[in-house]
J.: 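Please read through the structure below; I'll follow up with questions.
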Amino acid sequence: MFALVDCNNFYASCERVFRPDLVGKPVVVLSNNDGCVIARSNEAKKLNIPMGAPAFKYEPLFQKNKVHVFSANFALYGDMSHRMMTILSDFCADMEIYSIDEAFLKLSPLQDVSLHEKGCQIRDKATQWTGIPVSIGIAPTKALAKVANHIAKKYPEETKGVYVIDQDEKRIKALKWLSIDKVWGIGRQHTKRLNAMNIKTAYDFTQLSDTWIKKHLSIVGQRLKNELMGIPTLDLEKLNIKKTIATTRSFDENYTSIEPLKERVSTFAVSCAEKLRKQHSCCNSLMVFIHTNGHRPDLPQYSRNMLIKLPYPTNSGIELTQFAIQALSLIFKTGYHYKKAGVIVMDFTPADNVQQTLFQHRNERHIPLMQTIDMLNQLYGQQKIRLASQDTKRVWKMKQEKLSPRYTTKLSDIITIHI
DNA sequence: TCTGGGGTCCTAGGACCC
DNA sequence: TCTGGGGTCCTAGGACCC
């Protein structure tokens, strides 16, 4: 059986762990730049604040309802996630970390307790040890575990946050209850098409013919149907090596010249290189993109990307920066207000198994240099060592007006308790 | 004034090979 | 009159997830 453990309103719950005074009150967390709402407590959801709501448009509603607003604090969320996953892995080594706030556990047959009791044990320990409430769905397939999780979340009173689908009647009842757009793997486009055919629930979906599903939703849809029918088709995926890595940001203001863009792109390339080294990969291709603000149709729009094949695989921040700046220079045009840029690296090879080429290869001396930079940055704080092309004067700032302390990852931010 | 960031997988079609 | 058959690799685009 698969158990899906999902943290409730994860980012909002993280903010509450060290602010117990906020329990029962509406809390929202904003995206980078304090742009839009990316997490909401149940109380905030009840105020009809949608996911992705632009913060500036909802400011009056926040004020009126005393909504507690936070800037995204990914240092905190990442650390809390790590704590959660560590606790879950104690219960079950056979685990897939599916996202920052979700994990699938593969439960082996239990002797002493029922599945439901097991789920309750996991829920209690996870919540007590991290302070974050979780919901758990247990079922014979991953897609059905997702369905069970939905039920646990939707009916916290009745289920106490744990729901098990272990009989066919329960499976069918659940599928008839779940509307098609809530099914894992069915997004907006598929919903539109299915609704047009009068397919409204997950159950309706399982009644479609294999041929139709395969033709219109490809093999992915076929797998989903199997899973919903209770036929295990998807297994845990444990390989955690990424296939693409990106660092992209919107800017607080618009840039019209290439200089500030060069600085941003350098910083993004350095960040990609760091992430590459963390997973011991080198990349063979790099893409840079820039674009104007799509929400301003009154301004001239421009959007381009440039993908370059590197002459040799590398994870050196210096080399990637050089290539990224080259790419940027090729696509930059004056006369536009740039709002966003990014660097994406792809086409990886293992760092310890790099194929050399005859004429050009990476600067080997960068390897120990990057190790030293990584070490210093880890010791003295992120980006302590930077390239000269980066923002050495710390001019660039993300809008983060409501940032909470880094309670768990910064010594000076640890809370003091007065007794 | 102000609207996020980071991923995965699949398919069709073109270019190429013998 | 009539013009084969069987592959691989790559890319862009579309769908999805959190």
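In the text below, chain A, chain B and the rest are named by the order of the sequence lines, each starting its count at 1.
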J.: Between dT3(B), dG5(B), dG7(B), spot the one nearest the side chain of Lys57(A), thanks.
T.: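 Closest nucleotide among those given: dT3(B).
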
J.: Could you tell me the separation between the CZ atom of Arg296(A) and the C1' atom of dT3(B), rounded to a whole number of Å?
T.: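 My rounded result for the distance is 12 Å.
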
J.: Roughly how far apart, to the nearest Å, are dC18(C) and dT3(B) at atom P?
T.: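 Nearest-Å result for dC18(C) against dT3(B) at atom P: 25 Å.
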
J.: Kindly point out which of dC18(C), dT8(B), dC2(B) is positioned nearest to the side chain of Lys242(A)?
T.: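 So the side chain of Lys242(A) is nearest to dT8(B).
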
J.: Can you identify which nucleotide, out of dT3(B), dG5(B), dC10(B), has its nearest atom closest to the Asn293(A) side chain?
T.: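 Ranking dT3(B), dG5(B), dC10(B) by closest atom to the Asn293(A) side chain puts dT3(B) first.
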
J.: Using whole Å, report how far NZ of Lys146(A) lies from C1' of dC17(C).
T.: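 That distance rounds to 8 Å.
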
J.: Please tell me which of Lys340(A) and Lys214(A) maps to the more 5' nucleotide of DNA chain B, matching each residue to the nucleotide holding its nearest heavy atom.
T.: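 Per heavy-atom nearest nucleotide, the more 5' residue is Lys340(A).
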
J.: Below 4.5 Å, heavy atoms only, C-beta onward: do His337(A) and Asn293(A) meet side chain to side chain?
T.: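 Heavy-atom side-chain distance check fails, nothing below 4.5 Å.
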
J.: Among dG6(B), dC10(B), dT8(B), which nucleotide sits nearest the side chain of Lys275(A)?
T.: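 Of the options given, the side chain of Lys275(A) lies nearest dG6(B).
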
J.: Rounded to whole Å, please give me the gap between OH in Tyr58(A) and P in dT3(B).
T.: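 Result: 16 Å.
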
J.: Is a side-chain donor or acceptor of Ser13(A) paired with a backbone partner of Asn8(A) at a separation under 3.5 angstrom?
T.: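 Pair found, side chain donor or acceptor close to backbone of Asn8(A).
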
J.: Of all the nucleotides listed (dT11(C), dG5(B), dT3(B)), which has the minimum atom distance to the side chain of His295(A)?
T.: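 Nucleotide nearest to His295(A)'s side chain: dT3(B).
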
J.: Where the side chain of Ser31(A) is defined as all heavy atoms beyond and including C-beta, which of dG4(B), dC10(B), dA15(C) is the nearest nucleotide?
T.: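 The closest nucleotide is dG4(B).
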
J.: Can you confirm if the aromatic rings of Tyr255(A) and Trp396(A) lie within a centre distance of less than 6.0 Å?
T.: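 No: the rings miss the under 6.0 Å criterion.
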
J.: Counting side-chain heavy atoms from C-beta on, which of dC18(C), dC10(B), dC2(B) comes nearest to Lys339(A)?
T.: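 Between dC18(C), dC10(B), dC2(B), the one nearest the side chain of Lys339(A) would be dC2(B).
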
J.: Rounded to whole Å, how long is the line connecting atom CG of Leu234(A) with atom P of dC16(C)?
T.: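 Checked: the CG to P distance equals 16 Å.
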
J.: Rounded off to whole Å, could you give me the NE2-to-P distance for the His190(A) and dT11(B) pair?
T.: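 About 11 Å, once rounded to whole Å.
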
J.: Between Met398(A) and Val220(A), name the one whose nearest nucleotide on DNA chain B is closer to the 5' end.
T.: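 The 5'-side residue here is Met398(A).
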
J.: Between dC16(C), dG7(B), dC18(C), which one does the side chain of Gln189(A) approach most closely?
T.: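 Per side-chain heavy atoms of Gln189(A), the pick is dC16(C).
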
J.: Please walk me through it: do Thr409(A) and Asp79(A) pass side chain to side chain donor-acceptor pair (under 3.5 Å)?
T.: CA-CA 7 Å; Thr409(A) 54; Asp79(A) 186 60; over 6 Å; no

J.: Quick one: is Arg193(A) getting a side-chain N or O under 4.0 Å of the dA15(C) phosphate, OP1 or OP2?
T.: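 Answer is no, no contact under 4.0 Å.
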
J.: In whole Å, what is the span from the CZ atom of Arg188(A) to the P atom of dC16(C)?
T.: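 In whole Å, dC16(C) P lies 9 Å from Arg188(A) CZ.
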
J.: Can you check whether Lys399(A) has a side-chain N or O nearer than 4.0 Å to OP1 or OP2 of dG4(B)?
T.: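 Checking Lys399(A) against dG4(B): no side-chain N or O falls below 4.0 Å of OP1 or OP2.
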
J.: Scan Lys25(A), Lys66(A), Arg16(A) and name whichever one has a salt bridge (Lys or Arg N to Asp or Glu O under 4.0 Å) with Glu43(A).
T.: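 With Glu43(A) as partner, Lys25(A), Lys66(A), Arg16(A) yield a single salt bridge (Lys or Arg N to Asp or Glu O under 4.0 Å), made by Arg16(A).
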
J.: Given dA15(C), dG5(B), dG4(B), identify the nucleotide with an atom nearest to the side chain of Thr248(A).
T.: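 The listed nucleotide nearest to Thr248(A)'s side chain is dG5(B).
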
J.: Nearest of dG7(B), dC17(C), dA15(C) to any side-chain atom of Ile245(A)?
T.: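 Given the options dG7(B), dC17(C), dA15(C), the side chain of Ile245(A) is closest to dG7(B).
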
J.: Is the side chain of Gln390(A) donor-acceptor paired with the backbone N or O of Leu387(A) at a distance under 3.5 Å, no angle test?
T.: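 Checked: pair present.
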
J.: Could you check whether Ile219(A) gets within reach of a base, just the sugar-phosphate, or nothing at all, counting any heavy atom under 4.0 Å?
T.: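 If one applies the 4.0 Å heavy-atom cut-off, Ile219(A) turns out to touch the sugar-phosphate alone, with no base involved.
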
